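Letters go in sequence order (proteins before strands), and every chain restarts at 1. Since the model is a prediction, treat every value here as computed from it, not as a measurement.
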Number of protein chains: 2
Amino acid sequence: MKLNPSPLGEAPEKPGSLILERFVPYRLSVLSNTVSRAIARIYAQRFDLTIPEWRVMAQLGRHRRLTASDIIGLTAMDKVRVSRAVARLVGSRRVEARSDTADRRRQVLMLTTAGRRIYREIVPLALERETRLLEALDPKERKVLDRMLAKLQGQASALAPAADGGAGVPD
Amino acid sequence: MKLNPSPLGEAPEKPGSLILERFVPYRLSVLSNTVSRAIARIYAQRFDLTIPEWRVMAQLGRHRRLTASDIIGLTAMDKVRVSRAVARLVGSRRVEARSDTADRRRQVLMLTTAGRRIYREIVPLALERETRLLEALDPKERKVLDRMLAKLQGQASALAPAADGGAGVPD
DNA sequence: TGGATTTAGTTTCATCTGAAACTAATATCT
DNA sequence: AGATATTAGTTTCAGATGAAACTAAATCCA
């Protein structure tokens with residue numbers, strides 16, 4: 001492994017040349033994968049949960065009753081993923097789906113008792129992982145990170161072509 | 001879209017509760033996906049390249065001649081991905097693979113003339129995307145981001161269980 | 001030397017993904 | 001009301017993915 005000095009602000013080797021190891025989109029991807037993988041392992045091993053399932057549970061843990069559409073809006077997942085995650089969670093009796101009498105296309109989702117128990121078990125594990133990750137930073141850096149994540153997400157969504165909700169083209 | 005104030009450093013709603021939208025691993029994942037997607041679109045549409053293929057080309061663009069193992073070491077991709085990316089690149093005549101006479105398990109890879117032409121075409125596009133993404137930050141923030149990415153990657157690798165080679169434990 | 005181990009890279013297999021097509025129900029328009 | 005358009009959610013299909021098994025070549029070691 002060789003060190004890779006010369007950060008973003010510094011002069012790159014040659015302007016107009018590309019060094020993957022310093023390319024921010026690449027680094028973000030590698031970091032995000034490493035982190036996700038570490039976390040997914042907990043969910044999968046101990047609870048037989050995928051990340052999309054966990055995201056659904058996390059939202060239901062906070063909001064009590066939501067439709068699939070609500071969850072799509074809240075989690076940046078597409079409807080296929082949500083649909084599948086919900087199906088599995090219903091299958092494993094962690095989520096209950098009641099079809100809404102007012103609008104029978106919709107289903108109102110809630111954690112079951114078992115689901116809630118698992119949710120309460122996972123939350124501290126997840127928070128602990130996050131804490132350990134952020135231990136690498138000092139408190140000031142953590143605040144900066146927070147702000148930067150927000151800014152970058154905004155910029156990235158702006159660059160992204162028409163994908164999810166976003167500001168996209170209205171029709 | 002609703003605003004999501006109350007950053008990392010701030011008091012969370014309730015200590016011990018988890019708000020996905022503020023959970024750093026989640027935010028990293030969403031951000032990385034948004035960015036990757038925006039970039040992948042360029043590669044795919046204009047050049048019929050996947051991200052793994054682009055990463056291979058990027059390394060060959062810089063290092064001229066590499067084996068698949070070298071690329072694995074350089075890109076945080078596993079050997080399956082590299083193998084497949086290389087196979088496709090050879091198929092599309094963008095990379096040439098010469099089996100190494102000294103060690104016939106190995107193949108030395110290099111960009112073909114066509115590969116190099118495409119590489120030179122992509123580099124400025126990729127850099128331009130990165131620049132636009134980072135426009136959201138001021139120069140100071142960019143430097144901080146660079147440092148943080150490095151720190152977080154280090155920490156994440158440490159947390160990650162035995163996965164890839166990585167910097168792992170030096171032994 | 002020759003068997004056991006390691007290394008380089010490929011293939012298999014069982015999932016995961018998402019775009020697009022689809023179904024069912026509601027809302028809108030005339 | 002009845003046709004048309006939207007919305008909620010599911011299914012299909014064609015890849016992408018990675019762990020594990022596999023092949024082939026090189027290295028180790030007794």
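Residues A/V35 and B/Q153 are not in side-chain contact: their nearest non-hydrogen atoms beyond the backbone lie 4.5 Å or more apart.
Using a 3.5 Å distance cut-off with no hydrogens or angles, the side chains of B/T50 and B/E53 do pair a donor with an acceptor. In the model, A/D70 has a side-chain atom that pairs as donor or acceptor with a side-chain atom of A/T67 under 3.5 Å. For the residue pair A/S29 and B/R55, a side-chain donor N or O sits within less than 3.5 Å of a side-chain acceptor on the partner.
The CZ-C1' distance, from A/R104 to C/dA27, rounds to 15 Å in whole Å. Between the CG atom of B/D78 and the P atom of C/dA8 there is a distance of 15 Å, rounded to whole Å. Atom-to-atom, CD of A/E53 to C1' of C/dT17 comes out at 15 Å; the value is rounded to the nearest Å.
Summarising the geometry, atom CZ belonging to B/R46 is positioned 5.0 Å from atom CG belonging to B/L125; distances are rounded to the nearest 0.5 Å.
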Quiz item: When every nucleotide of nucleotides 6-13 of chain D is labelled 5' to 3' by its protein contacts under 4.0 Å (heavy atoms), B for base, S for sugar-phosphate only, - for none, what sequence of letters results?
Solution: BBSBBBB-
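Between the A/R142 side chain and the A/L137 main chain, a donor and an acceptor come within less than 3.5 Å of each other.
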Exercise. For B/V95 and B/M110, run side chain to side chain contact (heavy atoms under 4.5 Å, CB included): C-alpha distance rounded to whole Å, both residues' side-chain angles, the deciding distance at 0.1 Å, then the answer.
Key: CA-CA 6 Å; B/V95 164; B/M110 344 176 18; over 6 Å; no
Quiz item: Is there a side chain to side chain contact (heavy atoms under 4.5 Å, CB included) between B/E135 and A/Q155 once you walk through the steps?
Solution: CA-CA 8 Å; B/E135 269 168 12; A/Q155 186 77 351; 3.8 Å; yes
Quiz item: Going through the distances and angles, do B/K151 and A/E141 end up as a salt bridge (charged side-chain N to carboxylate O under 4.0 Å, His left out)?
Solution: CA-CA 11 Å; B/K151 284 187 180 181; A/E141 285 175 325; 3.0 Å; yes
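Below 30°, between 30° and 60°, or above 60°: for B/Y43 and B/W54 the angle between ring planes is between 30° and 60°, a tilted geometry.
When the local axes at the two ends of the helix from C/dT1-D/dA30 to C/dT30-D/dA1 are compared, using 5 base pairs at each end, they differ in direction by 10° after rounding to 10°.
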Any protein N or O atoms within reach of nucleotides 14-16 of chain C? Criterion: under 3.5 Å, listing atom names and distances.
none

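Contacts of B/A40 with the nucleic acid, taken as non-hydrogen atoms under 4.0 Å apart, are absent.
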